[in-house]
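A quick write-up on the structure given underneath.
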2 protein chains.
Amino acid sequence: MPRKPIPTLSGVFTPTETPAHLARDVIESALREAIMDGRIPPETPLRQEEIATLFGVSRMPVREALRRLESQGLLHIQPYKGAVVTALINQDAMDTYGVRLLLEPEALRLSLPHLSDTDLAEASACLTALRRARDSATLARLNREFHMALYRRAGNARLLYLIEQELAQEERFLRFHLSAMGTGHQAHDDHEALLDAARSGDESRALARLRRHLSQAEHAIRHYLADQDNAASPAGDAPRIAGESK
Amino acid sequence: MPRKPIPTLSGVFTPTETPAHLARDVIESALREAIMDGRIPPETPLRQEEIATLFGVSRMPVREALRRLESQGLLHIQPYKGAVVTALINQDAMDTYGVRLLLEPEALRLSLPHLSDTDLAEASACLTALRRARDSATLARLNREFHMALYRRAGNARLLYLIEQELAQEERFLRFHLSAMGTGHQAHDDHEALLDAARSGDESRALARLRRHLSQAEHAIRHYLADQDNAASPAGDAPRIAGESK
DNA sequence: AAATTGGATCCTGGATCCAATTTAGAGTAT
DNA sequence: ATACTCTAAATTGGATCCAGGATCCAATTT
């Protein structure tokens, strides 16, 4: 009989934390990192006392850190019941691509004329690193960094902030599903073509590449999720989808 | 005589959605309202102790409330220095309009085919209420509600969430400055024309109206802010450029 | 045996106390 | 007078303690 695995926090954090900053900030960023890259999977309940002892502090800074992470959408807190890591909702992932198709081409258009050689070199470095990266976490992170390198000079801080939010969402999603999705080699060609167009400063071609890239990514994920839904019942043990358990 | 049925409690009590008035929640919403209304003007420093005694509680729930308001962008908290109410839209923050020009037309486009008569009636009700509203707070709120009524059926929750964030920013700004800006009669015509186009289902016309509306609003605010800056520093000082200080 | 109830235990919310940091002010020297 | 230093008050950050709600389990009832 399939027991549902209850995630715990054992061995998630390395005990190295240096108190360079305020405790609540250290804890907040540590928890955010851990949630983002999947070391703390969705649905995990976060006990204040447990986290406090893990970091060697009292529950107080933990509480403030949890409060902020809740506002950032990473946690769900219920009164007297505690904090639970937010589930990855498939619909949210799809919605994100709709938003990104609006925001990112505009950011690229604004940024393109101001891109320096250094920016392009950094983007290129991301691609070479992407080629030899193996684990999903690194792949997802490099993917985000590549995109941001191209948008960086857009000059609209609010726009860039929103894009970063969306990319963080995607990064978290990919960290969980990339290995099961079959790498996505076509995304690599898209990236190369996009960088190439950006190098030549060809706005319309770059925008077209970017739009195609995002559309294909959306299509791939949509297919992947549909397959998962179909395979959910007959196949014995498809990769777990967050929120599936009871 | 039929036996009297055994009475039960089903349906006697409304399933109250606010089970417990936690102090931190009460304080959070009270502070948010006060900040949005302008009872607490921008740049005001918020002392934890002062708020705590005002609400008859300790500083603890105040701290958690402040922490969340910070994440919502209404406060700015610095370590050991405390919380100050965030400044309103200024010259640097005008790029929210650039974002809105991307997000809102798309939301309208997606929503337009699914708008029901009820939706249109609600939007219309907002406009009639707008016509007789006098205070800035009501005007600003109705403006937001009118826009959201038209976007409501877009079907992309993430998109709608982002738009609500942007509209909330504008609402707070308008509450403060609408009276000084000269009401904005042209905005009213814009709204009428937009609703009219939405009623007829004419997508291209509705989108054009909306884009024009947003552009004009941006233009009006930009002008207003420029005038304020000039009036603030008559002759002697050069007008402050954002980011110039220090 | 199933359902309801009483209660032990765990966990969170809030209060109070202490430590760390900033800020204001007094005092002194230049 | 101005600038600088040092101290004390004010304010925030964190620890500890207690109260209240949630959850689980045994005891009692039906």
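Just so we're on the same page: letters track the sequence lines, and every chain starts at 1.
A:Glu122 pairs by the side-chain hydrogen bond (donor to acceptor under 3.5 Å, both in side chains) definition with A:Arg152, not counting sequence neighbours. Under the rule for a salt bridge (charged side-chain N to carboxylate O under 4.0 Å, His left out), the partners of A:Glu145 that lie at least two apart in sequence or sit in another chain are A:Arg141. Shown here are the side-chain hydrogen bond (donor to acceptor under 3.5 Å, both in side chains) partners of B:Arg32, two or more places apart in sequence or in another chain: B:Glu28, B:Gln72. Here B:Tyr80 pairs with nothing under the ring-ring contact (aromatic ring centres under 6.0 Å, His included) rule; sequence neighbours left out. Legend: residues meeting side-chain hydrogen bond (donor to acceptor under 3.5 Å, both in side chains) with A:Glu106, ordered by chain and number and at least two apart, are A:Arg109. Taking the side-chain hydrogen bond (donor to acceptor under 3.5 Å, both in side chains) definition, one finds that A:Glu171 meets it with A:Arg144, sequence neighbours left out.
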Item to check | Verdict with supporting geometry, B:Arg67 and B:Glu64, salt bridge (Lys or Arg N to Asp or Glu O under 4.0 Å) | outcome: CA-CA 5 Å; B:Arg67 199 61 58 192; B:Glu64 302 207 18; over 6 Å; no

Checklist entry - Tell me, for nucleotides 10-23 of chain C in 5' to 3' order, what letter each nucleotide earns: B for a base near a protein heavy atom under 4.0 Å, S for only sugar-phosphate near one, - for neither? => result -SBBBBB----SSS

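The distance from atom CG of B:Leu66 to atom P of D:dT11 is 14 Å, rounded to the nearest whole Å.
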Checklist outcome for this item: Dot-bracket for DNA chain D, 5' to 3', Watson-Crick and G-U pairs with both distances under 3.5 Å, [ ] for crossing pairs, | for partner on another strand, reads ||||||||||||||||||||||||||||||

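Among residue pairs with one or both ends in residues 160-170 of chain B, those qualifying as side chain to side chain donor-acceptor pair (under 3.5 Å) are A:Arg158-B:Glu166, B:Tyr97-B:Glu170, B:Arg100-B:Glu170, B:Asn143-B:Glu170; sequence neighbours excluded.
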